[in-house]
Amino acid sequence: MPKLVDVSHQITDGMTTSPGLPEPAVEESTAVAGSVPGHATSSGRVTMVGATGTYVETPAHRYRDGADLADLDLARVADLPGVVVSVGSARVGPEAFSGLDVRGRAVLVRTGWDRHWRTESYGHPEHPYLTEAAAKALVDGGATLVGIDAVGVDDPSPAAEGARPALAVLLAAGVPVVSHLCLLDQLPEEGFTFFAVPAKIRGMAAFPVRAFALVD
């Protein structure tokens, strides 16, 4: 029988996703005006930036005319055949995907960096990343989505700050990027389908997802 595996982090009040980003504020049991007499109604409120927790980035995050969350094709983020690529170095080059069939797949890069989540080490400037050449190899190979269990797909060094070439290559090709995945060691290399669907919000380019896999 197929098994569901959750590979997303939970979002909690005041948590840190990446150093420097505003912390989310989660208010529970906020009273709602106009509730029916005799029937208590309450609803929570969350204030946060889009890049919180495990989130997806759409082309609009980088390109003015790119698709935002409301335009995102579900075929790009749901029911995708997946493949996990385990890497042993911080700098992930195109050789990591050599000989691998990525066409039409969600390519999830397992670095093991999620073990540092919610610690000072997580945002360390030596976190794993994809090179621009690796991103081009994935685009040329026809990958539908790219995910990573680290801060992001780009070089975090001061020299590369702001450039984000790997993200630019992927988003230019319409390939959504899911960052801050976790527990990829609980997935097989192949034989699963992947889902990372965000809310359908006009004008937002990045937003948290409940990322999970259905393992055959």
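Both backbone and side-chain heavy atoms feed into the values below; hydrogens, waters and symmetry mates do not. In this text the structure is predicted, and so the values were computed from the model without any measurement.
- Side-chain contact annotation: Asp149 with Thr111, donor-acceptor N/O pair under 3.5 Å present.
- Cluster annotation: Val146 and Val85 are assigned to the same hydrophobic cluster (Ile/Leu/Val/Met/Phe/Trp/Tyr, side-chain heavy-atom contacts under 4.5 Å, transitive).
- A donor atom on one side chain and an acceptor atom on the other are not found under 3.5 Å apart for Tyr55 and His9.
- There is a path of hydrophobic side-chain contacts, each under 4.5 Å, that joins Ile148 to Leu167.
- Hydrophobic cluster membership differs between Val139 and Leu80, with clusters built from Ile, Leu, Val, Met, Phe, Trp and Tyr side chains linked at under 4.5 angstrom.
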Check: residues 208-216 side-chain donor-acceptor pairs under 3.5 Å, at least two apart:
unit_1: Arg210; atom_1: NE; unit_2: Asp6; atom_2: OD2; d: 2.7
unit_1: Arg210; atom_1: NH2; unit_2: Asp6; atom_2: OD2; d: 2.9

Worked verdict on His180 versus Tyr122 for ring pair (Phe, Tyr, Trp, His ring centres under 6.0 Å): CA-CA 10 Å; His180 307 288; Tyr122 191 74; 5.6 Å; yes
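- Taking both residues in full, the closest heavy atoms of Ala205 and Ala60 are given as CB-C, 3.6 Å, listed atom of the first, atom of the second, then distance.
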Give the C-alpha distance, both sets of side-chain angles, the deciding distance and a yes or no for side-chain contact (heavy atoms from CB on, under 4.5 Å) between Val175 and Leu138. CA-CA 9 Å; Val175 178; Leu138 290 169; over 6 Å; no
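- Closest approach of Val153 and Ala166 over heavy atoms only: O-CB, 3.7 Å.
- Looking at every heavy atom in both residues, Ala67 comes nearest to Thr58 through O-OG1, 3.1 Å.
- Under the 4.5 Å side-chain heavy-atom criterion for ILVMFWY residues, no single connected hydrophobic cluster contains both Val7 and Val83.
- Looking at Glu132 and Arg164, no side-chain N of the basic residue comes within less than 4.0 Å of a carboxylate O on the acidic one, giving no salt bridge.
- Hydrophobic clustering, with ILVMFWY side chains joined whenever heavy atoms are under 4.5 angstrom apart, groups Leu145 together with Phe192.
- Of all non-hydrogen atoms in Ala78 and Val197, the two that sit nearest each other are CB-CG2, 3.9 Å.
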Start with the C-alpha gap between Arg118 and Thr16, add the side-chain angles, then the distance that decides, and say whether side-chain contact (heavy atoms from CB on, under 4.5 Å) holds. CA-CA 7 Å; Arg118 301 292 301 275; Thr16 298; 5.5 Å; no
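- Residues Arg45 and Glu28 are not paired through a salt bridge, judged by the lack of any N-O separation under 4.0 Å between the basic side chain and the carboxylate.
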